[in-house]
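One-based numbering along the sequence shown.
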Amino acid sequence: MDAQFKSLAINLVRITEAAAIAAGRYVGKGQKIEGDGAAVDAMRKAFSSIEMKGVVIIGEGEKDEAPMLYNGEKVGNGKGLELDIAIDPVEGTNLLALGRPNAIAVVGAAPKGAMYNPGPSYYMQKLVVPKEAKDVVDIDAPVKENLKNVAKEIGKSVEDLVVFVLDKPRHSKLISEIREAGARIQLHTDGDVAGSLLAVDPCGDCDVMMGVGGTPEGVISACAIKAIGGEMFSRLAPQSEEEKQSLIDYGIDLKEILSVDTLVKGSDVFFAATGISGGTFLSGIDYTNKGASSNSMVLNSRTGTVRHIKSFHQMDKINQYT
């Protein structure tokens with residue numbers, strides 16, 4: 001069993017690399033659906049060569065009207081470990097289409113039954129902090145209080161904190177409260193998995209992530225946070241009455257506060273990400289006449305290991321899955 005888990009990490013990278021190389025050809029072309037579809041096809045093909053009995057718990061869904069690695073789809077060759085899988089072939093489809101930084105391909109994996117199934121939930125309120133501050137924040141506390149407590153625990157002044165926030169109309173009040181507290185803000189149009197990673201990675205350039213983002217991205221982020229350390233407190237946050245009623249009908253408690261341990265259980269949790277469009281987080285795909293180079297990170301919650309992998313892919317091999 002241990003040997004199978006050890007090989008799982010590098011296998012996940014093969015999957016994200018395939019998706020990133022396929023999607024990378026669409027950077028800046030304004031074709032987010034086509035780019036996402038290419039990544040899905042490449043990721044699905046890569047999965048078929050991996051020894052696992054995987055079931056997609058967090059998949060493409062129908063939210064982006066994109067081709068699916070759908071929730072409940074079986075992936076892998078049907079042998080080996082039984083796993084829950086969380087995927088986003090292109091996290092940040094708008095970033096991909098517009099050629100903006102931090103579009104990435106991501107995969108999370110955990111033993112069967114470990115991942116939280118959010119049902120028909122699209123949106124989730126999130127508060128992500130580094131491990132030093134995980135015991136001093138409260139998702140329901142005032143923004144100023146949370147930032148003050150985080151700053152104290154990580155040895156910074158509030159004025160030196162950097163908070164990752166998605167640049168959405170729903171966050172106008174949150175942005176004002178952060179600024180009133182004195183902290184700095186990084187506003188991003190998309191990419192809250194990357195935002196979660198930036199907040200908990202000691203090498204990241206953010207200290208906190210706040211706001212409402214995607215629920216699937218929240219579960220994927222939990223895989224990464226569990227491996228690096230840190231915490232994410234979250235609560236499902238339906239953005240319409242229709243979504244709210246769907247969650248109630250599904251039997252979900254909308255008041256429940258979810259932690260990383262709620263979203264993904266156990267210690268054998270793996271996460272892999274490969275850069276597509278580049279940026280400070282992960283460099284993007286670089287194509288040459290001989291092939292392509294990629295930059296990835298792999299996380300293992302059991303060991304707490306963070307590995308950065310730079311790979312070169314030969315063109316004749318690339319053409320087999322893109």
(message) What verdict does the side-chain contact (heavy atoms from CB on, under 4.5 Å) test give for Val75 and Arg44, after you've listed the backbone C-alpha separation in whole Å, the side-chain angles of each residue and the deciding distance to 0.1 Å?
(response) CA-CA 7 Å; Val75 293; Arg44 180 182 278 124; 5.9 Å; no

(message) Under the criterion side-chain contact (heavy atoms from CB on, under 4.5 Å), I'd like the reasoning laid out for Asp205 against Leu198: C-alpha separation, chi angles, the key distance, then a yes or no.
(response) CA-CA 6 Å; Asp205 55 5; Leu198 290 169; 3.6 Å; yes

(message) Using side-chain contact (heavy atoms from CB on, under 4.5 Å), reason through Lys244 and Leu254 one step at a time and then give a plain yes or no.
(response) CA-CA 8 Å; Lys244 181 178 180 180; Leu254 295 178; 3.8 Å; yes

(request) Could you walk me through whether Ser311 and Glu17 pass the side chain to side chain donor-acceptor pair (under 3.5 Å) test, one step at a time? (result) CA-CA 9 Å; Ser311 303; Glu17 286 173 344; 2.9 Å; yes

(message) side-chain contact (heavy atoms from CB on, under 4.5 Å), that's the test. Do Met115 and Leu263 meet it? Break it down for me.
(response) CA-CA 6 Å; Met115 284 187 191; Leu263 294 173; over 6 Å; no

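Counting non-hydrogen atoms of other residues, nucleotides and ligands closer than 6.0 Å to NZ of Lys156 gives a total above 12. Counting heavy atoms of neighbouring residues, nucleotides and ligands inside a 6.0 Å radius, atom CZ of Arg307 does not exceed 12 of them. Counting heavy-atom neighbours within 6.0 Å of Glu256 CD, excluding the residue itself, gives a total above 12. Taking a 6.0 Å sphere around NZ of Lys131, one finds it holds 12 or fewer heavy atoms contributed by other residues, nucleotides or ligands.
Between Val90 and Tyr26 there is no side-chain heavy-atom pair separated by less than 4.5 Å. The closest side-chain heavy-atom distance from His171 to Leu166 is below 4.5 Å. Looking only at side-chain heavy atoms (C-beta outward), Glu217 and Ile58 stay at 4.5 Å or farther from each other. Using a 4.5 Å heavy-atom cutoff, the side chains of Asn117 and Tyr250 are in contact. Proximity of Lys126 to Val212: side-chain heavy atoms (C-beta onward) are nowhere separated by under 4.5 Å. Contact annotation: the side chain of Leu147 approaches that of Ile178 to within less than 4.5 Å [non-hydrogen atoms, C-beta and beyond]. Put simply, the side chain of Asn77 does not reach to within 4.5 Å of the side chain of Phe47, judged on heavy atoms. Between Tyr116 and Lys265, every side-chain heavy-atom pair lies at or beyond the 4.5 Å cut-off.
Once rounded to the nearest 0.5 Å, the distance linking NZ of Lys112 with NZ of Lys53 reads 9.0 Å. For the atom pair CG (Leu174) and CD1 (Ile185), the distance works out to 7.0 Å, reported to the nearest 0.5 Å. Here Thr93 contributes atom OG1 and Gln31 contributes atom CD; the two are 13.0 Å apart, rounded to the nearest 0.5 Å. Thr16 contributes atom OG1, which lies 12.0 Å from atom CG of Asp88 (distance to the nearest 0.5 angstrom). A distance of 6.0 Å separates CG in Leu236 from CG in Leu247, rounded to the nearest 0.5 Å. Rounding to the nearest 0.5 Å gives a distance of 11.0 Å between SG of Cys206 and CZ of Phe281.
The hydrophobic cluster containing Leu8 does not contain Leu299, counting ILVMFWY residues as joined when their side-chain heavy atoms lie under 4.5 angstrom apart, directly or transitively. Grouping the Ile, Leu, Val, Met, Phe, Trp and Tyr side chains by contacts below 4.5 angstrom, directly or via other members, places Val163 with Ile154. The hydrophobic clustering, which links ILVMFWY residues whose side-chain heavy atoms are closer than 4.5 Å, places Val219 and Val200 together. In the hydrophobic clustering of this structure, Ile10 does not group with Phe271; members are Ile, Leu, Val, Met, Phe, Trp, Tyr whose side-chain heavy atoms approach within less than 4.5 Å, directly or through other members. Two different hydrophobic clusters hold Val107 and Leu197 under the rule that ILVMFWY side chains link at heavy-atom gaps under 4.5 Å.
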For residues 224-231, which side-chain donor-acceptor pairs fall under 3.5 Å, sequence neighbours excluded?
from, atom 1, to, atom 2, distance (Å)
Lys226, NZ, Asp261, OD1, 2.7
Lys226, NZ, Val264, O, 2.8
Lys226, NZ, Gly266, O, 3.0
Glu231, OE1, Val260, N, 2.9

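Here the side chain of Ser121 pairs no donor or acceptor atom with the backbone of Thr215 at under 3.5 angstrom. The backbone N or O of Tyr123 sits less than 3.5 Å from a side-chain atom of Glu243, completing a donor-acceptor pair. Counting only distance, with no hydrogens or angles, the side chain of Glu91 and the backbone of Val193 share a donor-acceptor pair below 3.5 Å. Judged by distance alone, with hydrogens and angles left aside, the side-chain atoms of Asn146 form a donor-acceptor pair with the main-chain N or O of Asp138 at under 3.5 Å. Side-chain N or O atoms of Asp84 include one that pairs as donor or acceptor with a backbone N or O of Gly113 at under 3.5 Å. Remark: side-chain polar atoms of Ser48 are paired, donor with acceptor, to backbone N or O of Lys45 under 3.5 angstrom.
No donor-acceptor contact under 3.5 angstrom links the side chains of Ser296 and His308, judged on distance only. Residues Asn149 and Glu153 have side chains that never bring a donor and an acceptor to within less than 3.5 angstrom of each other. For the 3.5 Å distance criterion, the side chains of Asp160 and Ser157 qualify, holding a donor opposite an acceptor.
The pair Arg302-Asp268 meets the salt-bridge criterion, since a charged nitrogen lies less than 4.0 angstrom from a carboxylate oxygen. Taking 4.0 Å as the cut-off between side-chain N and carboxylate O, Arg100 and Asp190 do not count as a salt-bridged pair. Salt-bridge annotation for Glu159 and Arg184: absent, with no side-chain N of the basic residue lying under 4.0 Å from a carboxylate O of the acidic one.
Across all their heavy atoms, Pro120 and Ser246 have their closest contact at CG-O, 3.7 Å. Residues Leu69 and Pro89 share a closest heavy-atom pair of CD1-CG, 4.5 Å. Closest approach of Ile285 to Ser294, counting heavy atoms only: CD1-CB, 3.6 Å. Of all heavy-atom pairs between Asn102 and Ser277, the closest is N-OG, 3.4 Å. Pro101 and Gly279 make their closest contact through CB-CA, 3.8 Å (heavy atoms, listed as atom of the first residue, atom of the second, distance). Nearest heavy atoms, Leu161 versus Asp207: CA-OD2, 3.4 Å.
With sequence neighbours left out, the ring pair (Phe, Tyr, Trp, His ring centres under 6.0 Å) criterion links Phe164 to His188.
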